[in-house]
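Just so you know, ligand 1 is whichever comes first in the structure, and atom 1 is the first atom listed for that ligand. Given the structure is predicted, the values throughout are model-derived calculations rather than measurements. The residues of the chain are indexed from 1 along the displayed sequence.
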Amino acid sequence: MSTSNKTKHEPTVLLGVTGCIAAYKACELLRSLQKSGARVKVVMTPMAAEFVTPATFKALSGEEVAIAPIDDPARPIHHISLAEEADVFVIAPATANTINKLANGVADNLLTTTALATEAPLIIAPAMNVHMWRDEVTQESMDRLYERGAVIVEPESGYLACGDVGEGRLAAIEDIAQATLAELSRSRDMEGKSLLITAGPTREHLDPARFLSNPSSGKTGYLIAEEAARRGARIALVSGPTDLKDPFGCSVVRVTSAEEMLEAAEQAFAELEPDAAVFTAAVADFRPLERSQQKLKKGDRGRETTLQLVANPDIMATLAADKGLTYVVGFAAETQDVIEAAAAKLETKNADMIVANDVSDPTLGFASAHNRWHFVSKDGVESTEILHKRTLAGLLVDRIAEAT
Ligand code: CTP
């Protein structure tokens, strides 16, 4: 007889709690996941139990809380039964200690042993002091976990419990819950499909030391690439300069200028014959007419000088002009008449959808993790709430999956 409470259709989130001040926030995460219909089972490290008692998690979850390797006589090999029960394993908060152990396959408590044993998707929401977060060892561990397929819900910047200010604060509970639920319901609806995605800014050099560019982080394109790859798509990502890691499961070509981006995108388009092409790149509209091979000197230019610019190719319009069956999605960051401007770009760029967003709100857009999108197509306009860019990427991939 099975001793598991899990029934066939009951999605189970295994919530791993590690020992830090933010452990109390895991109670709120548990509640949020339950409200969305998930069964939540908690596994804690012994140190986590110093911050929040297992009794609290037991009362909230209605399930036994797992801490010691053999604390349940009915399940003598507890890490295996927990590992099998989990449909997703979310570790929130995840301390530097646990992250570094997971990256190295160290299995010295029930939580880390279960992480090694489970085949469920792993979601990691780090929380720690800014210096521990920035430490090379921690960053290397994060890279390794990401490369192995873990979903990372990046910590936020702000006041930390230790009094320092910087990155390391646990991400918003709603963002962790959304990332967890997305994994729980992830379908493989992009299996067999391919996507070309452009992302990031371009740099248009005047000389080896100076360029024209813009503050695009590239985050949106990278998240769309990652989301589609996790759902089974083959991805060619053509990216301008960014600080971001290659998204999980994607083939990435890194370029600098708009002309290089066009060349790489044309090549990928010809090779891949993609089902969809998504143009998120913030391409510089102009480049200097001349590029000096040597660093320009102020010389005798006086207090005013003129820079001659020439228009860059429009990458999306160039590829969309001969798009065949490829579903073309463009982005439009606008400050006024957002929907009207997007609808106009639908026509002029031969796109099937324009994702419009209003960049006049300084709390959203370029540098923010959140945004509100309007999906503008010939079928009409659909507007989202303000959501994490990861969730928005999921909504866009839903639409691409339907349309291709
Ligand atoms: N785009 C592109 N190549 C360019 C300019 C834009 O591929 N040289 C793509 C962008 O990636 C985006 C879409 O076209 O998907 C719209 O970008 P946007 O900058 O809003 O369009 P522009 O034509 O430059 O319009 P605007 O005059 O409003 O800047």
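- Nearest-heavy-atom check against atom 4 (C) of ligand 1 across T318, V278, V283, V328 picks out V283.
- At least one N or O atom of A281 sits closer than 3.5 Å to an N or O atom of ligand 1.
- At most 12 non-hydrogen atoms from other residues, nucleotides or ligands lie less than 6.0 angstrom from CZ of R234.
- Ranking the protein heavy atoms by distance from atom 2 (C) of ligand 1 puts D314 OD1, 3.4 Å first.
- Remark: the backbone N or O of R390 is paired with a side-chain donor or acceptor of H388 at under 3.5 angstrom.
- Closest to atom 3 (N) of ligand 1 among all protein heavy atoms lies I315 N, 3.0 Å.
- Annotation: cation-pi geometry satisfied between R399 and F375 (NZ/CZ under 6.0 angstrom from ring centroid, within 45° of ring axis).
- Shown here, atom 19 (O) of ligand 1 is out of close reach of the protein: none of its heavy atoms lies under 4.0 Å off.
- Proximity to G330 (heavy-atom distance under 4.0 Å) selects the following atoms of ligand 1: 15 (O).
- Side-chain polar atoms of T318 and D314 form no donor-acceptor pair below 3.5 angstrom.
- Distance from atom 17 (O) of ligand 1 to its nearest protein heavy atom, with residue and atom name: F331 O, 3.6 Å.
- With a 4.0 Å cut-off on non-hydrogen atoms, N312 does not touch ligand 1 at all.
- Contacts with ligand 1 closer than 4.0 Å are made by no heavy atom of I354, backbone or side chain.
- No donor-acceptor contact under 3.5 angstrom links the side chains of Q308 and T306, judged on distance only.
- What sits closest to atom 24 (O) of ligand 1 on the protein, heavy atoms only, is D285 OD1, 3.1 Å.
- Within the 4.0 Å heavy-atom shell around ligand 1 one finds P313.
- Here NZ of K219 is found 10.5 Å from CG of N371. Values are rounded to the nearest 0.5 Å.
- Contacts of S61 classified as side-chain hydrogen bond (donor to acceptor under 3.5 Å, both in side chains), with partners at least two apart in sequence or in another chain: none.
- Residue, atom and distance of the protein heavy atom nearest to atom 15 (O) of ligand 1 are F279 O, 2.6 Å.
- Between the OG1 atom of T98 and the CG atom of N109 there is a distance of 6.5 Å, given to the nearest 0.5 Å.
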> Between L206 and R291, is a side chain to side chain contact (heavy atoms under 4.5 Å, CB included) present by the stated rule, with each step listed?
Replying inline: CA-CA 5 Å; L206 284 76; R291 178 183 173 163; over 6 Å; no
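- Comparing M261, K345, K349, M316 against atom 23 (O) of ligand 1, the shortest heavy-atom distance belongs to K349.
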